[in-house]
Amino acid sequence: MREHDRPDPATEAFIAHRNLLFTVAYEMLGSAADAEDVLQETWLRWAAVDLGTVRDQRAYLVRITTRQSLTRLRTLGRRKESYVGPWLPEPLLTTPDVAEDVELADSVSMAMLLVLETLAPVERAVFVLREVFDLAYDEIAEAVGKSPAAVRQIAHRARVHVAARRPRDIVSPAETRAALAAFQQAVETGELQSLLDVLAPDVVALSDGGGLKRAVPRPVVGAGKVARLMAVGLSRGFARMSAEPVQVNGCPALIIRIDGEIDGVMAVRVEDGLISGLYYVRNPEKLSRVERETALSR
């Protein structure tokens with residue numbers, strides 16, 4: 001590339017860290033569309049910065065992204081209050097390298113993002129920046145507008161909160177794929193006992209249609225209830241339905257198609273070889289990122 005064809009330094013820095021910034025925003029928001037909006041806002045602020053005053057460009061960009069994400073997160077909270085039915089994160093078809101980074105894959109999994117939803121906005125920001133991206137406490141303090149001592153306390157509180165709600169162990173992709181395959185076969189055959197065999201006794205099923213597609217309006221809890229829901233609901237359409245194994249949010253999942261058109265994304269949480277969480281995203285506004293891969297990084 002000739003010198004005069006190169007982007008200016010601000011653009012080069014932003015491009016170099018874009019995947020990281022998107023990942024930060026997405027982990028804080030659970031929405032790719034909102035994460036992209038945050039990146040636009042980050043760029044506008046970054047373009048106005050005097051680069052000569054910036055000691056660490058990566059840290060500075062993360063700080064802008066975090067602040068913009070916190071602002072957006074509070075708006076999202078109000079939006080979710082009027083959301084129709086259960087809210088699930090926007091699924092992403094991810095590149096193979098995301099699954100290879102076990103910690104990153106765990107942090108963006110559907111199950112983990114739902115745990116992060118239970119944190120207060122600043123707690124979520126502190127947890128993500130510390131536990132996922134390993135930022136120093138003083139860097140996080142600048143990003144969230146707190147003292148380093150306060151950030152340490154927030155980080156401890158967030159870790160305890162997440163540890164009480166997250167899966168006990170990180171499950172291998174092979175174990176998740178096996179559970180998904182058994183679940184798919186059980187649903188296709190419509191055998192209630194086969195479904196019960198793959199579901200944890202206290203399994204929770206969530207379906208997100210966003211008021212735009214039919215979905216179960218409330219969480220369904222318990223293997224018996226979930227198995228009956230699957231056997232009655234999904235089996236009716238299996239003559240026209242196909243399931244494609246993919247990597248969604250760094251984990252094995254299924255893209256469900258009816259008559260060749262994407263109907264939704266099925267993700268799971270697996271514990272002790274059984275499905276303890278079943279998440280079906282049908283809201284068409286959340287399915288634009290499952291037809292092309294999204295690059296994430298940390």
Side-chain angles (χ1 to χ4, degrees), residues 14-39 42 62 65 69 72 76 87-117 124 127-129 131-134 162 166-167 169-181 183-184 206 208 242-257 262-271 275 277-298:
F14 185 82
I15 292 172
H17 297 298
R18 190 188 189 286
N19 291 345
L20 163 71
L21 302 177
F22 177 86
T23 308
V24 169
Y26 176 72
E27 289 209 25
M28 285 187 60
L29 302 171
S31 164
D34 286 287
E36 290 289 2
D37 287 345
V38 163
L39 257 61
T42 297
V62 168
T65 299
S69 295
R72 183 61 61 105
L76 273 180
W87 182 94
L88 289 173
E90 184 176 348
L92 307 178
L93 185 68
T94 45
T95 53
D97 60 303
V98 175
E100 293 167 7
D101 185 336
V102 177
E103 291 184 358
L104 177 60
D106 177 61
S107 73
V108 297
S109 68
M110 196 73 71
M112 187 59 174
L113 290 175
L114 284 171
V115 173
L116 294 181
E117 281 293 309
R124 184 167 183 169
F127 182 87
V128 166
L129 295 178
E131 299 301 312
V132 181
F133 298 98
D134 198 29
V162 170
R166 75 188 304 176
D169 300 303
I170 294 178
V171 178
S172 71
E175 189 174 357
T176 302
R177 278 194 296 271
L180 266 174
F183 168 80
Q184 181 181 349
L206 299 172
D208 179 347
S242 64
E244 175 191 357
V246 291
Q247 289 285 332
V248 168
N249 289 50
C251 303
L254 299 172
I255 292 180
I256 306 298
R257 288 182 169 85
I262 292 179
D263 181 73
V265 170
M266 181 79 74
V268 297
R269 166 174 168 165
V270 175
E271 296 179 88
I275 294 174
L278 193 61
Y279 316 116
Y280 193 31
V281 181
R282 297 195 72 212
N283 183 345
E285 293 181 347
K286 294 184 177 183
L287 298 177
S288 64
R289 290 276 181 153
V290 295
E291 295 192 90
R292 68 182 191 282
E293 291 180 338
T294 297
L296 303 175
S297 70
R298 65 190 180 109

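Because the structure is a prediction, the values reported are computed rather than measured. Numbers for residues simply follow the sequence, beginning at 1.
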Chi angles and distances behind the side-chain contact (heavy atoms from CB on, under 4.5 Å) call for Leu116, Val128: CA-CA 9 Å; Leu116 294 181; Val128 166; 4.0 Å; yes
Sequence neighbours left out, what passes salt bridge (Lys or Arg N to Asp or Glu O under 4.0 Å) with Glu103? Give chain and number order. Arg298
Say you draw a straight line from CZ of Arg18 to OG1 of Thr42; how long is it, rounded to the nearest 0.5 Å? 10.0 Å
Polar contact flag, side-chain donor to acceptor under 3.5 angstrom, Thr23-Ser297: no
Under 3.5 Å: donor-acceptor pair, side chain of Arg257, backbone of Ile262: no
Of the non-hydrogen atoms in Ala253 and Ala267, which two are nearest, and what is the gap between them? CB-CA, 4.3 Å
Say you draw a straight line from CG of Leu93 to CG of Leu287; how long is it, rounded to the nearest 0.5 Å? 11.5 Å
Between OG of Ser242 and CD of Gln184, what distance do you get to the nearest 0.5 Å? 9.0 Å
In terms of heavy-atom contacts, Lys286 and Glu90 come closest through O-CG, 3.4 Å
To the nearest 0.5 Å, tell me how far Glu117 CD sits from Leu76 CG. 8.0 Å
Heavy-atom check, side chain of Val268 versus side chain of Phe183, under 4.5 Å: no
Residues at least two apart in sequence or cross-chain that pass side-chain hydrogen bond (donor to acceptor under 3.5 Å, both in side chains) with Glu27, listed by chain then number, are Ser107
With side-chain contact (heavy atoms from CB on, under 4.5 Å) as the criterion, how do Tyr280 and Ile256 come out once you've worked through the C-alpha distance, each side chain's angles and the decisive distance to 0.1 Å? CA-CA 9 Å; Tyr280 193 31; Ile256 306 298; 3.4 Å; yes
Can any side-chain N or O of Asp208 pair as donor or acceptor with the backbone N or O of Trp87 at less than 3.5 Å? no
Can you give me the closest heavy-atom contact between Leu92 and Ala32, atom names plus distance? CD2-CB, 3.7 Å
Pairing residues for Ser109 by the side-chain hydrogen bond (donor to acceptor under 3.5 Å, both in side chains) criterion, not counting sequence neighbours: none
If the condition is side-chain hydrogen bond (donor to acceptor under 3.5 Å, both in side chains), which residues does Ser31 pass it with, not counting sequence neighbours? Asp34
Side chains of Met266 and Val248: closer than 4.5 Å at any heavy-atom pair? no
Between the side chain of Asn249 and the main-chain N/O of Pro91, is any donor-acceptor distance below 3.5 Å? no
So, taking the atom named OH in Tyr279 and the one named CG in Leu206, what distance separates them when rounded to the nearest 0.5 Å? 6.5 Å
Inter-residue atom distance Leu39.CG - Leu21.CG, 0.5 Å rounding: 5.5 Å
Under the side-chain contact (heavy atoms from CB on, under 4.5 Å) criterion, do Val246 and Leu254 qualify, and how do the steps go? CA-CA 6 Å; Val246 291; Leu254 299 172; over 6 Å; no
If you look at every heavy atom in Gly30 and Arg124, which pair is closest and at what distance? N-NH2, 3.8 Å
Checking Gln247 side chain against Thr94 main chain: does a donor-acceptor pair fall under 3.5 Å? no
For the residue pair Val24 and Phe133, establish whether any side-chain heavy-atom pair is separated by less than 4.5 Å. yes
Which pair of non-hydrogen atoms, one from Gly250 and one from Ala105, has the smallest distance, and what is that distance? O-CB, 3.6 Å
Using 4.0 Å as the upper bound for N to carboxylate O, is an ion pair formed by Glu271 and Arg269? yes
Who passes salt bridge (Lys or Arg N to Asp or Glu O under 4.0 Å) against Arg282, sequence neighbours left out? Asp263
The criterion is ring pair (Phe, Tyr, Trp, His ring centres under 6.0 Å); which residues satisfy it with Phe22, sequence neighbours excluded? none
Between Arg289 and Glu36, does any NZ, NE, NH1 or NH2 come within less than 4.0 Å of an OD or OE carboxylate oxygen? yes
I need the minimum non-hydrogen distance between Val281 and Pro89, along with the two atoms involved. CG2-O, 3.9 Å
